[in-house]
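Input: a single structure, listed below in structure tokens.
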Number of protein chains: 2
Amino acid sequence: MPRKPSPDARERILDVATRLFTAHGVHAVGMQQVIDEFGCGKNLLYREFAGKDDLVVAYLTRCRDTWACMYEQAGVGREDDPAGHLVALVELTAAKVLEPDYRGCGIHNTHAEFPDPAHPAHKVAAEHFATMRERLLDLATRAGARDPETLTDRILLIIEGIYTNGLAQGRNGAARAAGAFAEEVVRSALADRSA
Amino acid sequence: MPRKPSPDARERILDVATRLFTAHGVHAVGMQQVIDEFGCGKNLLYREFAGKDDLVVAYLTRCRDTWACMYEQAGVGREDDPAGHLVALVELTAAKVLEPDYRGCGIHNTHAEFPDPAHPAHKVAAEHFATMRERLLDLATRAGARDPETLTDRILLIIEGIYTNGLAQGRNGAARAAGAFAEEVVRSALADRSA
DNA sequence: CCGGTCCGGGACCGATCGGTCCGAATCCTT
DNA sequence: AAGGATTCGGACCGATCGGTCCCGGACCGG
């Protein structure tokens with residue numbers, strides 16, 4: 001047993017792929033480009049990933065985990081404040097727009113790039129959207145909104161508006177208004193209880 | 001002068017291209033596909049359009065005009081009610097999600113497909129976003145909002161949220177909440193005047 | 001030191017891309 | 001009817017796509 005395959009190759013390739021896919025879009029990036037950028041042989045990449053579709057799915061999975069991490073982060077210290085968690089999540093999303101090289105949500109971008117519902121990438125993205133909605137709905141419910149569905153819809157509109165508008169208009173776009181907006185929306189949804 | 005080139009060829013080709021680009025995304029549609037679907041020779045298409053980029057730009061221009069038409073339509077009968085115009089615009093946008101084969105906003109989708117700011121398609125899209133914002137800002141100002149910029153930002157978030165979320169979750173998504181949401185937002189922005 | 005494993009790099013494949021060009025059929029105008 | 005412009009439809013081009021295969025060198029364990 002003379003030699004061991006490097007165990008983190010998959011992750012390191014995925015790092016490169018994530019950067020390229022995010023920056024240029026999935027369609028615009030060729031496998032050769034990923035390989036060149038990473039500096040490995042084609043051998044290694046095709047051993048770690050069955051094909052481009054597989055690589056894209058892995059990319060989306062990572063994006064999903066990143067979002068889950070963000071969700072988690074927004075909840076830290078707010079375990080008993082689901083309303084604050086909601087607002088913090090919106091603020092975190094809005095803050096991402098300010099990052100240099102902001103390129104929107106990789107999942108949404110990729111979802112738009114693969115309209116075919118049968119494509120694996122499309123399915124992964126669709127799943128993510130569903131769970132995203134569930135988690136927001138859970139927060140809205142626990143926050144005690146009179147109509148959690150509507151609050152969820154509104155927060156979703158704001159969050160996805162941030163993604164899209166941030167991509168379209170950059171740091172001078174609508175994202176700056178999102179935090180206060182979300183706060184007001186949540187407050188209003190809670191106040192409705194007494195109505 | 002034996003024969004005249006058919007004058008509406010460009011428009012008819014653009015019809016086909018619009019349908020295909022909208023349904024499958026720009027990158028996924030080949031020129032050959034446009035030609036086959038239209039049933040003409042390659043000659044004709046390349047006489048009417050300098051190349052794929054040119055065709056894409058024409059497609060985006062048409063999308064832009066469609067949006068302008070929608071903006072116009074929402075304002076009919078509301079010439080003296082800019083606030084109602086804003087709400088109607090959001091409602092119109094939300095209604096589009098319910099259409100079968102809804103595929104989001106072609107301009108946003110294409111914008112995401114061409115991240116390179118130097119690409120003509122990207123520029124056309126960016127221009128559109130700017131004028132879109134201007135027009136909303138004009139309405140918000142004329143509506144008498146205390147802070148028209150913020151109202152514009154909020155309406156923009158809602159509209160672009162509709163596009164994105166409608167694409168992600170279809171007719172059962174957040175778009176259903178958009179109309180009432182916009183109305184509330186506008187009302188609140190106007191009420192702020194007395195605050 | 002040696003044998004085996006792994007990996008970088010590239011040749012190669014078929015398919016498809018955008019785009020050019022041309023022959024033949026078509027149809028209008030005179 | 002004749003002539004000429006227009007259009008169809010496909011051959012063709014170079015480039016690039018995703019993907020397979022293989023060689024030679026680097027590296028490690030016995």
Side-chain angles (χ1 to χ4, degrees), chain A residues 1-21 23-60 110 113-116 118-122 124, chain B residues 1-21 23-60 110 113-116 118-122 124:
Chain A
M1 191 179 320
R3 208 176 161 189
K4 53 185 173 184
S6 83
D8 59 340
R10 186 182 170 94
E11 284 306 308
R12 280 164 41 234
I13 292 174
L14 199 45
D15 288 340
V16 174
T18 297
R19 181 162 44 83
L20 291 176
F21 286 162
H24 310 295
V26 173
H27 279 310
V29 175
M31 295 297 265
Q32 189 59 54
Q33 196 174 345
V34 176
I35 288 161
D36 290 345
E37 199 93 1
F38 181 60
C40 70
K42 293 194 139 192
N43 244 336
L44 184 55
L45 187 143
Y46 279 101
R47 180 165 57 76
E48 295 296 331
F49 300 94
K52 187 170 188 180
D53 285 356
D54 194 35
L55 184 58
V56 173
V57 167
Y59 160 63
L60 288 183
T110 307
E113 271 194 285
F114 295 88
D116 178 8
H119 194 285
H122 191 96
V124 172
Chain B
M1 196 177 315
R3 206 178 164 189
K4 54 186 174 185
S6 80
D8 59 339
R10 185 183 171 93
E11 285 305 308
R12 280 164 41 233
I13 293 175
L14 200 45
D15 288 341
V16 175
T18 297
R19 181 163 43 83
L20 291 176
F21 286 161
H24 309 295
V26 173
H27 279 311
V29 175
M31 294 298 263
Q32 189 59 54
Q33 197 175 345
V34 176
I35 289 162
D36 290 345
E37 199 93 1
F38 181 59
C40 69
K42 294 194 137 193
N43 247 335
L44 184 55
L45 188 143
Y46 280 101
R47 181 164 58 73
E48 296 296 332
F49 299 93
K52 187 171 188 180
D53 285 356
D54 195 34
L55 184 59
V56 173
V57 166
Y59 160 64
L60 288 183
T110 308
E113 271 194 287
F114 294 90
D116 178 7
H119 193 285
H122 191 94
V124 173

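All chains are named by letter (A, B, ...) in the order of the sequence lines, taking the proteins before the strands, and each is independently numbered beginning at 1.
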Q.
Once salt bridge (Lys or Arg N to Asp or Glu O under 4.0 Å) is applied, do any residues pair with B/Asp53, and if so which ones, sequence neighbours excluded?
A. none
Q) Please give, in whole Å, the distance from C/dC22 P to B/Leu44 CG? A) 18 Å
Q: Only counting residues at least two apart or in another chain, list the ones meeting side-chain contact (heavy atoms from CB on, under 4.5 Å) with A/Asp36.
A: A/Gln32
Q.
Listing request: all ring pair (Phe, Tyr, Trp, His ring centres under 6.0 Å) pairs with a residue in residues 29-57 of chain B, at least two apart in sequence or in separate chains.
A. none
Extract from the structure each pairing of a protein N or O with an N or O of nucleotides 17-20 of chain D at less than 3.5 Å, listing the distance.
unit_1	atom_1	unit_2	atom_2	d
D/dG18	OP1	A/Lys52	NZ	2.6
D/dG18	OP2	A/Met31	N	2.9
D/dG19	OP2	A/Lys52	N	2.7
D/dG19	N7	A/Lys42	NZ	2.9
D/dG19	O6	A/Lys42	NZ	2.4

Q) Over how many whole Å does the gap from B/Asn43 atom CG to D/dG9 atom C1' extend? A) 10 Å
Q. B/Glu48 has an atom CD; how far is it from atom C1' of D/dT6, in whole Å?
A. 12 Å
Q) Just how far, in rounded Å, is P of C/dG9 from CG of A/Asp36? A) 9 Å
Q) Hey, is the side chain of B/Arg47 poking within less than 4.0 Å of OP1 or OP2 on D/dT7, counting only N and O atoms? A) yes
Q.
My understanding is that only residues two or more places apart in sequence, or in another chain, count here; which of them pass salt bridge (Lys or Arg N to Asp or Glu O under 4.0 Å) with A/Asp54?
A. none
Q: Calculate the interatomic distance between B/Glu37 atom CD and D/dC8 atom C1'; express it in whole Å.
A: 17 Å
Q. What residues form a salt bridge (Lys or Arg N to Asp or Glu O under 4.0 Å) with A/Arg19, not counting sequence neighbours?
A. A/Glu37
Q. Relative to the ring of A/Tyr59, is the ring of A/Phe21 parallel (under 30°), tilted (30 to 60°) or perpendicular (over 60°)?
A. perpendicular
